[in-house]
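Let me begin by presenting the structure, written as structure tokens, before commenting on it.
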Amino acid sequence: MASSLPVPPIAAAPPDAGAPRRLWPLPALLGWAVAWAAFMLLRSTPAPLWLAIVCGTATGLALGSLSRTRVRCLIVAAGFPGSLLVSGAASGLPGWAWLLPLALLLLAYPLHAWRDAPLFPTPAGALDGLGARAPLPPGATVLDAGCGLGAGLAALRRTYPQARLEGIEWSWPLALVARLRHGGAPVRATVRRGDMWADDWSHCAMVYLFQRPESLPRAVAKARAELADGAWLASLEFPALALEPQERLQCPDGRPLWLYRAPFTAARGESTRAPAPARRPSSRAKRR
């Protein structure tokens, strides 16, 4: 393993670094324009009105999924159906037809997943350098917990080309897209639809997260209970405040990547909490 470097204080992490954040609301305006373009394109054909609305709404939802926060995702996704309703362009539709956009949203992002992170795509190149600071042997299992559309799996594949990549995602449409994106022959990653909190992490050499700060304590408790000694927990942007980080990498866009290694060390001020559950055997013994 590469030698650890001094870990800067958490407060030093830039809260709003990166030029893309300053472009808002340009992504929302572009998302609305593209959704309207898809709608108008279908309206110029013999396609029924309801199909044009579904197409426009699905386009807005797909573009909204690229946003970094839940609020911005909803703003982009809701822009087309909201403006369509106000404009009266769909006045010929029955009232129940307006349930279609809501159904699409719930299909892609079911209520069960709202307590976790919204769709946070991992930026391209965000994990560059991770392999040098947290080296893994060939064939080690790396899990992207909450893989969404598979952007994190792509970044992990670039960092660990010899690893056995796995992704788990609760939303079945997102899991399907990730599976189509990273499947094929030879299989580059195994993506399954399921609950990341009910999944077993004990065979993983690394678990990668891009979660909300509110869900990280739950992830820490699960990692303490299931990850074997020597396994890594990696969290993009948001730190696990209960743990002392072993490494802190700076991503190209200014976001930090926090690395923790089992057996985990409690952060200063956390020692009074209940001890972690009994540990499992070493990752070398658990590797499959």
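A 6.0 Å sphere centred on CZ of Arg158 holds no more than 12 heavy atoms belonging to other residues, nucleotides or ligands.
A donor-acceptor pair under 3.5 Å is absent between the side-chain atoms of Arg193 and the main chain of Glu169, judged by distance alone. Side chain of Arg157 to main chain of Ala163: a donor-acceptor pair is present (N/O by atom type, distance under 3.5 Å, no hydrogens or angles).
Considering only heavy atoms from C-beta on, Arg255 comes within 4.5 Å of Pro123 through its side chain. Looking at Phe264 and Val220, their side chains never come closer than 4.5 Å, going by heavy atoms from C-beta outward. The side-chain heavy atoms of Tyr208 and Leu156, taken from C-beta on, include a pair separated by under 4.5 Å. Looking at heavy atoms from C-beta onward, Leu63 lies out of side-chain contact with Leu30 at the 4.5 angstrom threshold. Inter-residue side-chain proximity for Val207 and Glu226 is flagged as unmet; no heavy-atom pair is nearer than 4.5 Å. Proximity of Trp32 to Leu29: side-chain heavy atoms (C-beta onward) are separated by under 4.5 Å at one or more points. A 4.5 Å side-chain heavy-atom check between Arg192 and Asp199 finds at least one atom pair inside the cut-off. By the 4.5 Å heavy-atom criterion applied to side chains, His203 and Glu166 are counted as neighbours.
Atom-to-atom distance recorded for Phe238:CZ and Phe210:CZ is 6.0 Å, nearest 0.5 angstrom. Atom OH of Tyr260 sits about 13.0 Å away from atom CE of Met206, to the nearest 0.5 Å. Between the CG atom in Leu51 and the OG1 atom in Thr45 there is a gap of 7.5 Å [rounded to 0.5 Å]. Between atom CH2 of residue Trp201 and atom OG1 of residue Thr141 there is a gap of 14.5 Å, rounded to the nearest 0.5 Å. Taking CG from Leu216 and CH2 from Trp258, the interatomic distance works out to 11.5 Å, rounded to the nearest 0.5 Å. Atoms CD and OG1, from Glu237 and Thr122 in turn, are 10.5 Å apart once rounded to the nearest 0.5 Å.
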task = Given side chain to side chain contact (heavy atoms under 4.5 Å, CB included), test Leu236 with Cys251 step by step and report yes or no.
result = CA-CA 9 Å; Leu236 182 61; Cys251 299; 3.6 Å; yes
message = Using the rule given for side chain to side chain contact (heavy atoms under 4.5 Å, CB included), can you reason through Arg133 versus Leu249, listing the C-alpha separation, both sets of side-chain angles and the distance that settles it, and then say yes or no?
response = CA-CA 9 Å; Arg133 304 286 281 274; Leu249 281 66; 4.0 Å; yes
ask   = After noting the C-alpha distance and the side-chain angles of Gln211 and Met196, does the key distance pass the side chain to side chain contact (heavy atoms under 4.5 Å, CB included) rule?
value = CA-CA 12 Å; Gln211 287 285 314; Met196 59 176 281; 3.7 Å; yes
task = Go through the steps for Arg261 and Glu247 under the test salt bridge (charged side-chain N to carboxylate O under 4.0 Å, His left out), then give the verdict.
result = CA-CA 9 Å; Arg261 196 174 194 185; Glu247 296 277 357; over 6 Å; no
request  = Test side chain to side chain contact (heavy atoms under 4.5 Å, CB included) on Leu153 and Arg181 and set out the steps.
outcome  = CA-CA 10 Å; Leu153 290 171; Arg181 181 178 179 182; over 6 Å; no
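Closest non-hydrogen pair, Gly152 versus Leu127, comes out as O-CD1, 4.4 Å. Between Ala126 and Pro252 the shortest heavy-atom distance is CA-CD, 4.2 Å. For the pair Ala140 and Leu136, the tightest heavy-atom approach, listed with the atom from each and the gap, is CB-CB, 4.0 Å. The two atoms that bring Ala262 and Leu227 nearest to each other are CB-O, 4.2 Å, heavy atoms only. Heavy-atom minimum distance, Arg43 versus Ala52: CD-CB, 3.7 Å. Nearest heavy atom pair, residue Leu209 against residue Ala145, reads CD2-CB, 3.6 Å.
One hydrophobic cluster holds both Leu42 and Trp50 under the rule that ILVMFWY side chains link at heavy-atom gaps under 4.5 Å. A single hydrophobic cluster is seen to contain both Met40 and Leu49, as judged by linkage of ILVMFWY side chains at heavy-atom distances under 4.5 Å, directly or through other members.
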